[in-house]
Every structure is written in structure tokens, then in C-alpha cells.
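The next block holds one structure in the form of C-alpha cells; read it before the comments.
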Amino acid sequence: MDRLTAAQAAARLGVRTETLYAYVSRGLISRERAAHGSLFDPLEVERFARTRRRTTSPSHGGARPAGADGSPLAVIDTDIALIEDGELWIRGVPIDELIAAPGETPRFDGVVRWLFERTELPLPEPRPLRSADGDAARAVVAALPPESPAFSRLLAIVAALGAGDPERYDLRPETVARVARRLVAGLVDALPPAGSSDGVEREDAAGGTPLAARLWPRLSALSATPERVRVLDAALVLLVDHDMAVSTLAARAAASARAHPYAVVTAGFGALDSTLHGAASASVHALLSAVRAGADVTAAIATATRLGGVGVPGFGQPLYPDGDPRGRLLLRALRETADPRAEAAWEVAEEVIDVVRTRTGLLPTVDLALATIALAWDMPADAGEIVFAVARSAGWCAHAQDEYGRAPLRLRPIGHYVGPDAADLQQPGSIAR
């Protein structure tokens, strides 16, 4: 039987050739190397095509997907993140290939540059992201009450950074890329130090230190060992984008109205600052802290479930029936550190995971991994929110860069009115208008 070329196999699967090779690298499909390129078994391709768990969109001739209440959902084209077959790809690259291996230089800075510059992989030696002068942003944060939550500080920083950036209204792709790099770095560099430290070294903002290493002292007073920084860097990479999450939809809607990147990130923060999204790890941190303090695991889980309102916090990502790969990769990176603090936190998390998995079948999400990291290294309960927000800001800016090239206001939906008929309001006894 004639073999399929890479282009033919990709066309049969309805994916790009980059995604096809991502399947190959994951061992999901095999190939045969030939003189003129890779060849694929047509029967294997056909079997794989039938077993893929992909939601069919209208653009592919299928039924329109529906939400939990049965209402139709919009389908928005994106070339950034793909969630398919229980895995996550960023621009056709498996997410685990973007994470730095032990001993390597942190990669988040390079991933952010790659999102906008489309450089070839493997990533070159990444140049650390640089922020602009952040004195105004630091002053604004310093004026906030000490107990201000994470998102309040981040919103203040974005507003201050935007106010001082003369390029904020320039929506050309190359300018958006520059603004995005400064914005993401500025979010980190303007944060105050953790604990009672007298300050954070200022020369790091000049661009000589990777962003994860600069973020560490803002989250923990413990020493920033290379292993610890690598885990934090992995978390940033894993959270950079995740398809059309509610915060990404909010960010793209703002971009469709031609909001500048700082306003786009602010819109994203508005949706991210929610119990079921960016703030979920804080609820998990409370659960893990209670178990570490000696609370009965089952009782602590019940309390967390009751307070969370929807399921067990940190478990059951609906897009991944077989488990959230981001959580799995981040927990693995944590365990590879051989850090006694990390090991102790993992043992607490493992106890909770075992009970939840046995009783419900649910598997941990990236929120549980973030909370475990915060628990391990004495970070505040909202540390996971900060990591999430810094990372996803880069993704939102990439979405904005794409949206600026599309028709303006295209994401303005039409409401389906279900209120009282106007004629009913004219009846006797109706409320006067």
C-alpha cells in the first residue's frame, strides 16, 4: 500500500505538518524516514484520525459546539495554543519541549520572544526580558495597603506602566512585540520583595537575569537556588497560553475594539481574578495548608469543596479527561529538585491526590501544582495567582497582536433578548419609565 507524505497525512488529520510531527515526537503516530522526507502508514493514520478526541468546529463542517447549558459557543481561530488528545501544544510544539531541563538556562524569556518573533526551535540562548523604568509602578504599589491582594497590585502596575509608555497606542506588530516584552518584565520588576527583605537588586531589571530568577525574591524570602528557579520558570512556560480561556476571550474582545496592550492585559486580569480561574490555586493552598497542619484529609477536602462551590479545588480540568499535563509536568519538576522542602510539600499533595482520585476519579490540575510550590517554599497563598498572571499576560499580548490584524469589533456578539415585551410595559399597573 502506498505510503502518505507528511503533507498528505497532515491533510487527512486536518492539522498542520508541525502538529503532525508533534504527534510523532509524542509517540502517538509513527513515520518511516525516506530519501525525500517522512512517510506514513495510511492505515495507521486512518485509525488515529478516528480515535482523536477533537471537538468539531463549524469551519470543519461539523456541529457547532455547545456550552454546559446547551447554548452555542463561538469558535475563534487561534494559532497559539492547541489542546488535543489530552495534550497541550504551543504553536505546534509540545509544551514539555519548551520547558528547560535540569541544568539548562530558564526558558520563559525565550518562549515569550518566540511567541512574537517566530524564531526557530530549539530556542536559542534566551535573552532576558527587559522592562522600562518602573519607578512610577513601584511607587503606586508601595502606596497600596500592605494586605492588598495579588491582582490589586498587578492592576496598579499595569496602569502605571501603560501611563508611562509612549508606544502604547502603536498597534503595529513589531511595536506590540516590544511593548509586550516590556509589560511582562515590568509586572515582575515592580513587585515588592517578599517578607521583610530590605529590597530586591535593581540591576536585575537591566536585563542580565532571567525573569523567573527576578520573580523568585518577590514571592519567597528563601534562597533562589537554580533548581527552585527552574521550577518557577517551568510554571511560567506552562501557563503562557491555554486556548480560549475566559480571560483570553476577554482580552481578545478588548483587542478587537483596538484597546492598547496594557488595556488588553487589564481586561484579562478582570476575568482571571476569579475563584474558578486564576485565583483557584489560593483555595488549593488553603486545603494543603490545613492537611499539613494536621487536619483530617477527608474533612479538609470536604471543607474546601463546600467553600469553593464547584467541585474539589485543584482537581478535574474538563479539557483533559486523563489529567492536566501542565500539573503533571510541574509536579514532576518539583520532585526532581531533591529539595527537602519540596519533598515534604509533595507528600502533603500526594495524600490529598490519593484521596480525591480514589473517591471521585478526578486528577490534579495545574492549580494544585502551583499551590504545592507555594507551600514548599513559603510563598504567600496568592503566589500562584501572580505566576499565572505574569505568564498569561504574554499570551494575551500575542492574541492581541493577532486580533489587531483582523476586522475591528468582530467579537461583538448579538444578544438574544428574553425580557418582557415592550407592549407589556404599557399595561395598567406596569412600572412607569
Side-chain angles (χ1 to χ4, degrees), residues 76 80-81 108 112 115 129 131-132 134 136-138 140-145 147-165 168-169 171 176 179-192 211 215 218-219 235-236 238-283 285 366-367 370 374 379-404 411:
I76 301 173
I80 303 174
F108 178 69
V112 173
L115 279 178
L129 300 177
S131 60
R138 280 186 285 271
V140 170
V141 173
L144 295 175
E147 66 276 10
S148 296
F151 278 110
S152 294
R153 284 173 278 154
L154 293 169
L155 282 169
I157 292 171
V158 171
L161 293 174
D165 191 340
R168 63 186 178 277
Y169 295 117
L171 305 186
V176 172
V179 169
R181 294 193 295 266
R182 291 198 300 265
L183 192 162
V184 175
L187 282 172
V188 171
D189 294 333
L191 285 171
L211 203 69
L215 178 57
R218 274 92 176 171
L219 299 178
L236 291 168
L238 289 167
L239 290 167
V240 73
D241 193 50
H242 201 232
D243 193 44
M244 286 298 157
V246 63
S247 58
T248 302
L249 179 59
R252 283 201 78 126
S256 76
R258 298 304 182 259
H260 57 71
Y262 295 95
V264 166
V265 170
T266 300
F269 280 164
L272 194 68
D273 184 9
S274 53
T275 304
L276 301 183
H277 194 11
S281 63
S283 300
H285 185 276
V366 70
D367 299 305
L370 289 172
M379 296 177 180
D382 60 8
E385 302 174 37
I386 294 175
V387 176
F388 205 136
V390 169
R392 194 58 57 86
S393 293
W396 294 332
C397 289
H399 279 277
Q401 186 188 52
D402 175 63
E403 193 62 41
Y404 293 148
L411 299 185

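Just so it is clear, the structure is predicted and the values come from calculations on it, not from any experiment.
- With contacts defined as side-chain heavy-atom distances shorter than 4.5 Å, the pair Leu154/Asp273 does not qualify.
- Taken from CG in Leu215 to CG in Leu219, the straight-line distance is 4.0 Å, to the nearest 0.5 Å.
- The closest donor-acceptor contact from the side chain of Arg181 to the backbone of Val112 lies at 3.5 Å or more, if one exists at all.
- When all heavy atoms are compared, the tightest approach of Val188 to Arg218 is O-NE, 3.2 Å.
- Atoms CZ and CG, on Arg182 and Leu129 in that order, are 12.0 Å from each other to the nearest 0.5 Å.
- Counting heavy atoms from C-beta outward, Val264 and Tyr404 have side chains that approach closer than 4.5 Å.
- At least one side-chain heavy atom of Ile157 sits less than 4.5 Å from a side-chain heavy atom of Val141.
- Pairing each heavy atom of Trp396 with each of Gly268, the nearest pair is CH2-C, 3.4 Å.
- Nearest heavy atom pair, residue Pro380 against residue Ala374, reads O-CB, 3.9 Å.
- His399 is listed as a side-chain neighbour of Ile80, based on a closest heavy-atom distance under 4.5 Å.
- Of the inter-residue distances, the one linking Ser148 atom OG with Leu155 atom CG reads 11.0 Å to the nearest 0.5 angstrom.
- Leu370 contributes atom CG, which lies 10.0 Å from atom CD of Glu385 (distance to the nearest 0.5 angstrom).
- Proximity of Leu115 to Asp241: side-chain heavy atoms (C-beta onward) are nowhere separated by under 4.5 Å.
- For the atom pair NE2 (His277) and OG (Ser247), the distance works out to 3.0 Å, reported to the nearest 0.5 Å.
- Scanning both residues, Arg168 and Ala163, for their nearest heavy atoms gives NH1-O, 3.6 Å.
- Partners of His285 by ring pair (Phe, Tyr, Trp, His ring centres under 6.0 Å), not counting sequence neighbours: none found.
- Scanning both residues, Pro261 and Cys397, for their nearest heavy atoms gives CB-SG, 4.4 Å.
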Practice item. Apply the test side chain to side chain contact (heavy atoms under 4.5 Å, CB included) to residues Asp382 and Arg153: give CA-CA distance (whole Å), side-chain angles for both, the deciding distance (0.1 Å), then the verdict. Key: CA-CA 11 Å; Asp382 60 8; Arg153 284 173 278 154; 3.2 Å; yes
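- Counting heavy atoms from C-beta outward, Val184 and Val265 have side chains that stay 4.5 Å or more apart.
- The two residues Leu183 and Tyr262 have their closest heavy-atom pair at CD1-CD2, 3.4 Å.
- Pairs passing the salt bridge (Lys or Arg N to Asp or Glu O under 4.0 Å) check and including a residue from residues 244-262, sequence neighbours excluded, read Arg252-Asp402, Arg252-Glu403.
- Atom CG in Leu187 sits 5.0 Å away from atom OG in Ser393 (nearest 0.5 Å).
- Side-chain contact between Phe388 and Asp367 is present, with heavy atoms from C-beta onward closer than 4.5 Å.
- Residues Ile76 and Leu249 are in side-chain contact: their nearest non-hydrogen atoms beyond the backbone lie under 4.5 Å apart.
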